[in-house]
Structures are given as structure tokens and as C-alpha cells.
Amino acid sequence: MKQENTPSTLIMIFGATGDLAKRKLFPSLYQLYLKGKMSNNFALLGVGRREWSHDRFKDHVRDSLQASSHSKEHIESFIEHCAYQSHDVSDSDSYIQLKNLANELDQQFELCGNRIFYLAMAPEFFGTITDHLKQDGLTDTKGFCRLVIEKPFGHDLASASALNEQIRKSFSEEQIYRIDHYLGKEMVQNIEVIRFANAIFEPQWNSRFISNIQITSSETLGVEERGRYYETSGALRDMVQNHMLQMVALLAMEPPIRLSTDEIRSEKVRVFRAMRPIEGTEVDDYFVRGQYAEGTVNGTDVDSYRNGENVDPTSNTETFVAGKVMIDNFRWAGVPFFIRTGKRMTVKSTKIVVQFKDIPMNLYYNKEHSLDPNLLVIHIQPDEGVTLHLNAKKTSQGIDTKPVKLSYSASSIDGINTPEAYEKLLYDCILGDATNFTHWDEVKHSWSFVDKISTHWESTTEESFPNYASGSMGPAKSDELLAQEGFEWWPIGELDVKKTIE
Ligand SMILES: NC(=O)C1=CN([C@@H]2O[C@H](COP(=O)(O)OP(=O)(O)OC[C@H]3O[C@@H](n4cnc5c(N)ncnc54)[C@H](OP(=O)(O)O)[C@@H]3O)[C@@H](O)[C@H]2O)C=CC1
Ligand SMILES: O=C1O[C@H](COP(=O)(O)O)[C@@H](O)[C@H](O)[C@H]1O
């Protein structure tokens, strides 16, 4: 197949027999291949504990691509680039075998010693693997070496720092690509473009014109079979520390002086530094936690979190978080950024609603009721697009107004955790562009913010748990959080861009 002139590379996936590799990584790499975005000089080396042959692994990759509508011939030509090594990550000897196979593939596919090590494994293995990659010479090549690390990057600031120190013994910060798959989503990447490429928004993007910003990422699924992990994580660590705060940073950052990785990252770090730290009992004024009870989601009766697999029947783990994040800088003083995320909610949706302040006076329209505020809605998923809510004249003799919407719908991708984000991020990594990966400074500051909240929550049992029905939009306290500031959550189901366009 004709491929772009992208760098040749060996992509070594640790955890290649696992769920993430099968559902996201192989399909994404295949899509890149199909779209001609990979050099023909590439090899995919799967590493797992199971004693599989190359052929068994190739069958596994083939299975993962079956959903693809593309021809068998293309799949087979992709599969020719795949190989497998059975390997126990904690066994020193097996790194030598891995190195030998990597060198063979390097020669066979003319990879120029370029290597991407993708750690799609449980985080407790990250440090051991990076130590061995260096000690056993796998990083000792004449090409580039990059390390892609899956989340969670630590459990708190202390563990994240320890992990960072350990991997920095083998890889420099420039070689490390910490994945936050939200940064690969089309409309998350669009936040900067909407802000910085439109003269109508940037002058208004501050506390003089914006009253509040709401970011909702709701899921209909429960914790499913991930109870063991989730019990140690909860929604705060699972979603807020990374995806939600990253979206806040992109919405709040200053325009970077140029669109380089370093400049964008440093502006995001300045937002993290400006986030008002909240601790102790103060947390209760800013953050609300929830845990789902039984209920009905999309017409199906579902059980409570506490009745889930590998979950403590008296669990204090939150499956929902709503919070008010204040950014204490000149641009954002006094503007709340409300964030909300949870499992087993009414809809699967991620949306950002920027609510503008009311006009100074309602001149003469609709005297009997107030005008709707202008909203800019950024639809992240499942629909992708932008809607601007305005007021316009009602078609009639009078001067009554009606709300109207200007909408742009990008190609909408239905489904959960679609591979497109991984596809973009893998492509960036092959090209050596780390802009959409998180720098250690961002991770450090976000943990520092989140740790104070988790410390308070872990020291106090939430007696009201479970406090929201599955299929609802979270506990009543989440609505109260906004009501006390004179706001309410915009109903995200009704803001659907497709509904606007129909
Ligand atoms: N799955 C998902 O949707 C997401 C996952 N992640 C993260 O990605 C990472 C992987 O997740 P996931 O794929 O779901 O995990 P799985 O449990 O499905 O897979 C784990 C992988 O690790 C391998 N493994 C385990 N122990 C060893 C060992 N001692 N030596 C060598 N290989 C070993 C397993 O090999 P074998 O099967 O042969 O034993 C398997 O390939 C985690 O950090 C997770 O948090 C992040 C976002 C989403
Ligand atoms: O990182 C994670 O994200 C998913 C939600 O991702 P999305 O792309 O479907 O919005 C979440 O389900 C999972 O718990 C979390 O680990």
C-alpha cells in the first residue's frame, strides 16, 4: 500500500494480549496504515505473558480488525508486519530475547532503530519495564526511542512522583508520551481553534463576558468488570484528575505565543497553578460526590454500584463528581468552571457549555420574560460540533424574541471510547509531536489539586451513599452546588447538535 513518508518505526506493545490493545490500539494502527499514514517500514511487536506463537498473535490481531469493512487483502498486508514475544515483565532474561527479536525486525523492515514502547499494562509494571528497557539495551539504538504510558499515572502526587522519577532514569521528559485519550478527541482539539481562530470569541473570553462554564462528561455504563481498579480510584482519580481538568486547562489558558508543544503546555501549566486549592471541610462547599443506586438506564433495570463485582458492599467510592473550579487569575476571577462526571447517568455525552453574561438591560424585547443567555456549546461526543445559542426576532408583527441556534456538526461518531482518539495520538507519537500528551508538570499540578479533595473524602464517610438513582443526572446536591451561585446545569440531552440541525 502507498504510505506517507512518516518515520519508520518498531511499535512494541506491552500488554498486547489485553483489552486496550485489542479494542483500541490494533484498530487504530490499522486505520493509520489503511489511510496511508504509516511508513511501509514499520513492525508491530506484541508482548504478553501468554505463550503464543507469532501466528496465534496474528489471528488475535486479525480478530480485532474484523469489524473493519476493509478488504481482506489490506488486513493481511498489515498483519505481515506483526510479531509476538511471550514475556514476563519482571523476568530479566526475557528482555534479552525481546531485544534480539526487536533487532531482527529492525533489519527485516529497515526500521533505522526507531522504537516506540507502548505500555498498555497495569501501572505497577511501568517502572520495572522502563528500568529493563534501558538496562538490557533495548533503548540502545541509533534511532529515536519513545515511551507511551497509559493511565493511571500514579494514584496520588506521591506515587506519581515516584513513578516519574523511576521512568526518568531511563527516558527523558521529551521521550515520554503520557496518554490522556481526551486530548486525542477531535472536538477537544478544536477548543483551541474555536478560541484562538475566531475574532468574535477571543475578546469575550473572560470574566467580563462569561458568567460560568459547564463541562459535563456523563456515562450510561456502570463500572462493569473494573470494580477492583475502580474501588481504588473512584471518579475523582479516574476522570477528574486527567480528562476533566485537561478540558478546564484548554478552556482557560492564555493564547500561547506560538503553537509549539512547549508553549501550549506551559500555558496549560499556568492554569493548573492558578486553580484555587481547596482542602479540609472547604471541599464540601466546592465539590459533591455521588454513588449510583439501582435504577433504569435506557429502559433496562440495573443494579447499584455496591452490588457490583469486586466492590465492597459498604463502599465509600464515588462514581460521580460535580465540582466548582475557580481559576484565580486576571482573566477568570469570579467565573466558576463547573465540572460534572459520573457513571450510570441518563445519557452518554460530553459537552462544554459556555454561558455568556446577560446583556446590561433588556431593551424592549419580551418584556414579560427574560431573554435567554447566549451559550456556546462545544459538543465533544457522541455528536461532534458547535452550537451558538442566540436570540432573534419572532416572525410576527411584534418585537417578541425567540431562541435560535447556529450549529455546525462535524462528522458524528457514535459509540464509546471510539478508536479515533487513539489513532490521532499514535500518529502524533510516530511523528514525534507530544503536544496532545501530558507533561509531567501538568500531571503534578493536577494531582496536587485532586489530592486535597480525596484526602478529605477519604477521611469522611459519605453517609448518604448510594445517593443517586442509575439513569439520573446525579445527586440533588450537584444541582444545589450551582443553585447557590444562581445557576443551573444546562440539560445536556436537549443540547444535542443533531437535534438542533434536524
Ligand atoms: N481497557 C481500556 O479501555 C483502558 C485501559 N487503560 C489502561 O491500559 C492498561 C491496560 O489495560 P487493559 O488492556 O484493560 O488490561 P488487561 O488486563 O486487559 O491486559 C493486561 C495485559 O498485561 C499483560 N500482563 C500482565 N501481567 C504481565 C506480566 N507479568 N508480564 C507480561 N505481561 C503481563 C497481560 O498479558 P496476558 O494476558 O498474556 O497475561 C495483558 O496483555 C491499564 O493501565 C489500564 O488502566 C486506560 C484506558 C482505557
Ligand atoms: O479514562 C477513562 O475514560 C472512560 C470514558 O472515556 P470516553 O472516551 O468514553 O468518554 C471511562 O469510562 C473510564 O472509566 C476512564 O478510565
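Both counts, for ligands and for their atoms, begin at 1 and track the order of listing. Computed from heavy atoms alone, side chains included, the values below leave out hydrogens, waters and symmetry copies.
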Given side chains that start at C-beta, do those of [X] and [Y] come closer than 4.5 Å, heavy atoms only?
{"X": "I13", "Y": "L44", "answer": "yes"}
{"X": "Y292", "Y": "P466", "answer": "no"}
{"X": "L236", "Y": "Q241", "answer": "no"}
{"X": "T139", "Y": "R115", "answer": "no"}
{"X": "L147", "Y": "Y177", "answer": "no"}
{"X": "H54", "Y": "L101", "answer": "yes"}
{"X": "F337", "Y": "M275", "answer": "no"}

Please state which part of F125 comes within less than 4.0 Å of ligand 1, counting heavy atoms only: side chain, backbone, both or neither.
side chain
Does only the side chain of H181 get under 4.0 Å from ligand 1, or the backbone, or both, or neither? Count heavy atoms.
neither
Face-on cation placement of R228 at Y230 ring, 6.0 Å and 45° thresholds:
no
Once you restrict to heavy atoms under 4.0 Å, what part of Y182 touches ligand 2? Side chain, backbone, both or neither.
side chain
Donor-acceptor under 3.5 Å (R340 side chain, S218 main chain):
no
Sub-3.5 Å donor-acceptor pair from the side chain of S470 to the main-chain atoms of A293, do we have one?
yes
Nitrogen or oxygen of [X] less than 3.5 angstrom from that of ligand 2:
{"X": "Y229", "answer": "no"}
{"X": "K151", "answer": "yes"}
{"X": "Q381", "answer": "yes"}
{"X": "K343", "answer": "yes"}

Quick check on contacts: which atoms of ligand 2 are under 4.0 angstrom from a heavy atom of [X]?
{"X": "K348", "result": "7 (P), 9 (O), 10 (O)"}
{"X": "K185", "result": "7 (P), 8 (O)"}
{"X": "D238", "result": "13 (C), 14 (O), 15 (C), 16 (O)"}
{"X": "E219", "result": "5 (C), 11 (C), 12 (O)"}
{"X": "H243", "result": "1 (O), 2 (C), 3 (O)"}
{"X": "H181", "result": "1 (O), 2 (C), 3 (O), 6 (O), 7 (P), 8 (O)"}

State the atoms of ligand 1, each with its element, that fall below the 4.0 Å cut-off from a heavy-atom position in [X].
{"X": "R23", "result": "1 (N), 2 (C), 3 (O)"}
{"X": "P152", "result": "45 (O)"}
{"X": "H87", "result": "30 (N), 31 (C)"}

Among I378, V188, I339, find the one that has a side-chain contact (heavy atoms from CB on, under 4.5 Å) with I352.
I378
Ignoring hydrogens, just give me the one of [options] whose non-hydrogen atom is nearest [atom].
{"atom": "atom 43 (O) of ligand 1", "options": "R49, E150, M121", "answer": "M121"}
{"atom": "atom 16 (P) of ligand 1", "options": "L20, D238, D91, D19", "answer": "D19"}
{"atom": "atom 35 (O) of ligand 1", "options": "T17, L25, N242, D88", "answer": "T17"}

Is the closest N or O pair between [X] and ligand 1 shorter than 3.5 Å?
{"X": "G18", "value": "yes"}
{"X": "S90", "value": "no"}
{"X": "V89", "value": "yes"}

Taking the six-membered ring for Trp, are H87 and Y95 ring centroids under 6.0 Å apart?
yes
Between R62 and E76, is there a side-chain N and carboxylate O pair less than 4.0 Å apart?
yes
